[in-house]
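Here the structure is laid out as C-alpha cells; the discussion comes afterwards.
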Amino acid sequence: MNQNFKTMNYATQHHIGSYQHTRTEKTTAATPTVGRVRKLATKTKGRKPSAKRQAEIRTNSNATNGLLKCTFLPKLKTAQSVQACQKTERDFYKSLSRLAKHYSIEPMQTKDFEFPYNITLSMWDMETKVKRTNINWDSFKLVQDSKKTYFTSEERYNTDTTLYYVPIAPLFKMLKDPKRKKTAQLLISVCSYLYHIADVPYYRQEDSYLYWLYETHKDWVEQDDETDETETYKSELRNAEYIGDNIEQKLFNRINLKVFEQRLSRFKSLDTFDRECWQVACNAFALCTEYPNASIFRNAPLPEQDPYNDDYETEAIGMEKYISFVADTKGWLYESMADSINNEFNEYGAMQEPTICKSFDGSKIKTNNLDFENRLFALLDDLCTLLYDYKTTEK
C-alpha cells in the first residue's frame, strides 16, 4: 500500500490512505507518532478497474474523454448504429433522471447538444453538483450491458489512512484515579457499546488481528537474545495482557449499557476534560439509541462484491485490521507493532472502507446512507484523543 500510518493525536488512530481506484507505490518506514494519528507517507491509490468487466464510464475531471463503446454521431455507418446510439441516449436520460431525483439535484439541460457531447456534459454537471451535497460521494459509472445503459453510484466513508485503535490502558489507570472514577465509568459505558453493539474488535480475542500481532511480538522477545531492554519488553507484554483481560471483563458486563443513560444524567463535570468525556458519551448514547443494532462493519464491502477484485493480485486491507481496541499507544511495544503494521499493509493494493453501491436501472433504489459511519468514526476519533490526553491525578 506504500504508506506510513499515523497515530491519533492524543488518541490512537492510524491513517491508512484515501482509497482511489488506481495502483499504489511502495512506501518507506512509518513516520514518527505525531499527535493522535500515524499518517502514511503517501496516499493509497487503490486499484484500476478491470478491462474484463462490462463496458462502463467512470467520471473524472476530464469529462470530455470517450464514453461509450459504440459508434457516435455523426460518423454513423448503419441504421443499426443509429438505433443503438439513440437507445443509449434514451436510457441515459432515464437513468440520469432517477439519479438526480435520488440525490435531490437539478441536472443541467443538455438534450439540445449533439450526442455524445450531451452525455459528457451531463455527467460532468452531475459529478460537480453531487460532490457539493453528499459528503460521502465517491464516484458514479455509466454502465452499458446487453440490455440497457444506466448509472451506478458509489458512496464511501473515507477513513483517510487511519488506524482506529482505542487504547484501554488509560481507562485502566483512570478507574484507579479517585478524581476520575466517575468519568472512567462513563467511558466504560461508551466502550461497552463499542464492544457489544458496534462490534469493535478487542485485542485479547483470539480471532482478532491485534491478538495475533501481540502474540508474534511475544514470541520474538522470548526467542531473541537477552539484552538490557528484554525485561522492559516482557513487562509491557505482561501489562498488555493483564490490563486487556481486566478491562474486557468490565466491558463484557452489559449492565454498563443498562445504566448508560443514568450515568449520563447524573454526571457532574469538574473540568474541561470531564466535559469533553461527557460530550463523547452523549454522542455514543445517541448512536446507540438511533442505531441499536448497527455494527461498524455493516457496510463493509465483501470481496465478491468488490467490482475491482478481479483485476488486482492482492487483497484489500480488511476493516477489522484497522479498527480495534488496543492495550496502549505509547511505549516500545506499540511502536514496534506500528512498524509491523506498516510493513504488512504496504503489501496491499487497496483497503476496505464502508461503501454503498446503488443502481439506477429502474429497479428499487437503496435508501440507506453512511450517517452512522460518519458519526461512529468521529466518535472513535474523539474517544481516542481523550484517552491519549488523559493524565492521571493519582498520587
Side-chain angles (χ1 to χ4, degrees), residues 7-13 33 35-37 162-204 239-292 296 323-331 334 375-395:
T7 341
M8 298 181 57
N9 291 322
Y10 319 115
T12 319
Q13 279 178 345
T33 301
R36 70 183 171 194
V37 274
T162 306
L163 293 171
Y164 291 87
Y165 288 166
V166 181
I168 51 90
L171 191 56
F172 179 81
K173 295 175 183 177
M174 199 182 299
L175 284 166
K176 298 180 179 299
D177 184 345
K179 182 182 177 182
R180 301 296 186 191
K181 188 171 183 180
K182 294 293 184 182
T183 310
Q185 291 174 345
L186 193 60
L187 294 185
I188 285 289
S189 286
V190 173
C191 291
S192 189
Y193 156 68
L194 296 175
Y195 180 93
H196 284 290
I197 300 176
D199 289 335
V200 173
Y202 197 86
Y203 74 97
R204 291 298 293 153
N239 286 339
E241 293 180 4
Y242 173 75
I243 292 173
D245 292 341
N246 182 282
I247 293 297
E248 186 175 22
Q249 286 181 355
K250 299 181 185 304
L251 302 186
F252 189 78
N253 191 344
R254 287 182 175 268
I255 191 67
N256 292 297
L257 298 177
K258 293 181 180 178
V259 299
F260 196 171
E261 186 175 15
Q262 183 182 96
R263 285 175 175 172
L264 270 175
S265 62
R266 294 181 178 180
F267 186 74
K268 295 181 180 179
S269 301
L270 300 178
D271 52 23
T272 300
F273 181 80
D274 276 354
R275 285 191 293 274
E276 291 175 347
C277 289
W278 181 82
Q279 186 59 59
V280 165
C282 285
N283 295 340
F285 184 76
L287 267 182
C288 184
T289 303
E290 293 178 48
Y291 299 93
I296 198 168
I323 302 169
S324 182
F325 287 98
V326 68
D328 206 348
T329 52
K330 300 175 183 178
Y334 180 73
R375 294 163 62 185
L376 183 57
F377 279 102
L379 172 68
L380 291 175
D381 191 337
D382 292 339
L383 177 62
C384 290
T385 299
L386 287 171
L387 292 173
Y388 190 94
D389 271 348
Y390 169 68
K391 300 291 189 298
T392 182
T393 59
E394 186 181 19
K395 296 182 179 178

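These numbers come from a predicted model, not from an experiment. Residue numbers start at 1 and run along the sequence shown.
- Phe252 and Tyr195 have perpendicular rings, their planes meeting at more than 60° on a 0 to 90° scale where under 30° would count as parallel.
- By the side-chain hydrogen bond (donor to acceptor under 3.5 Å, both in side chains) test, Gln279 pairs with Asn283, sequence neighbours left out.
- Residues Ile243 and Ala169 approach most closely at CG2-CA, 4.0 Å, considering heavy atoms.
- The side chain to side chain contact (heavy atoms under 4.5 Å, CB included) test with Pro170 is passed by exactly one of Leu386, Leu387, Leu175, Thr329: Leu387.
- A salt bridge is absent between Lys182 and Asp177: the closest approach of a Lys/Arg side-chain nitrogen to an acidic carboxylate oxygen does not fall below 4.0 angstrom.
- With sequence neighbours excluded, the residues satisfying side-chain hydrogen bond (donor to acceptor under 3.5 Å, both in side chains) with Thr183 are Asp274.
- The distance between the ring centers of Tyr202 and Phe325 falls below 6.0 angstrom.
- At a threshold of 4.5 Å between non-hydrogen side-chain atoms, the residues Ile168 and Tyr203 count as touching.
- Under the ring-ring contact (aromatic ring centres under 6.0 Å, His included) criterion, Phe285 pairs with Phe260, sequence neighbours left out.
- Contact annotation: the side chain of Tyr164 never approaches that of Val200 to less than 4.5 Å [non-hydrogen atoms, C-beta and beyond].
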Verify side-chain contact (heavy atoms from CB on, under 4.5 Å) between Ile296 and Phe377, making sure each step is shown before the conclusion. CA-CA 9 Å; Ile296 198 168; Phe377 279 102; 4.0 Å; yes

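- Checked against side-chain hydrogen bond (donor to acceptor under 3.5 Å, both in side chains), Glu261 has no partners two or more places apart in sequence or in another chain.
- When all heavy atoms are compared, the tightest approach of Cys288 to Ile197 is SG-CD1, 3.7 Å.
- Ile323 is not listed as a side-chain neighbour of Tyr165, based on a closest heavy-atom distance of 4.5 Å or more.
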After noting the C-alpha distance and the side-chain angles of Tyr291 and Leu376, does the key distance pass the side-chain contact (heavy atoms from CB on, under 4.5 Å) rule? CA-CA 11 Å; Tyr291 299 93; Leu376 183 57; over 6 Å; no

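- Residues meeting the side-chain hydrogen bond (donor to acceptor under 3.5 Å, both in side chains) test with Asn239, sequence neighbours left out: none.
- Contact of the Leu194 side chain with the Leu251 side chain is not registered, since no non-hydrogen atoms from C-beta on lie closer than 4.5 Å.
- A distance of 4.0 Å separates CZ of Arg275 from OG1 of Thr272, quoted to the nearest 0.5 Å.
- Residues Arg180 and Phe273 have side chains in contact (heavy-atom distance under 4.5 Å, counting atoms from C-beta outward).
- Using a 4.5 Å cut-off on side-chain heavy atoms (C-beta onward), Ser189 and Leu257 make no contact.
- Sorted by first then second residue, the salt bridge (Lys or Arg N to Asp or Glu O under 4.0 Å) pairs that include residues 239-257, not counting sequence neighbours, are Arg204-Asp245, Lys218-Glu241.
- Within the 4.5 Å cutoff, side-chain heavy atoms of Cys282 are placed close to those of Leu264.
- Contact between Leu186 and Cys277 at its shortest, heavy atoms only, is CD2-O, 4.3 Å.
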Step-by-step side-chain contact (heavy atoms from CB on, under 4.5 Å) determination, Asn256 to Asn253: CA-CA 6 Å; Asn256 292 297; Asn253 191 344; 4.0 Å; yes

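- Ring orientation note: the planes of Tyr242 and Phe172 are nearly perpendicular, at an angle over 60° on the 30°/60° scale.
- The pair Asp382-Arg375 fails the salt-bridge criterion, with no side-chain N (NZ, NE, NH1 or NH2) lying under 4.0 Å from an Asp/Glu carboxylate O.
- Leu187 is listed as a side-chain neighbour of Leu383, based on a closest heavy-atom distance under 4.5 Å.
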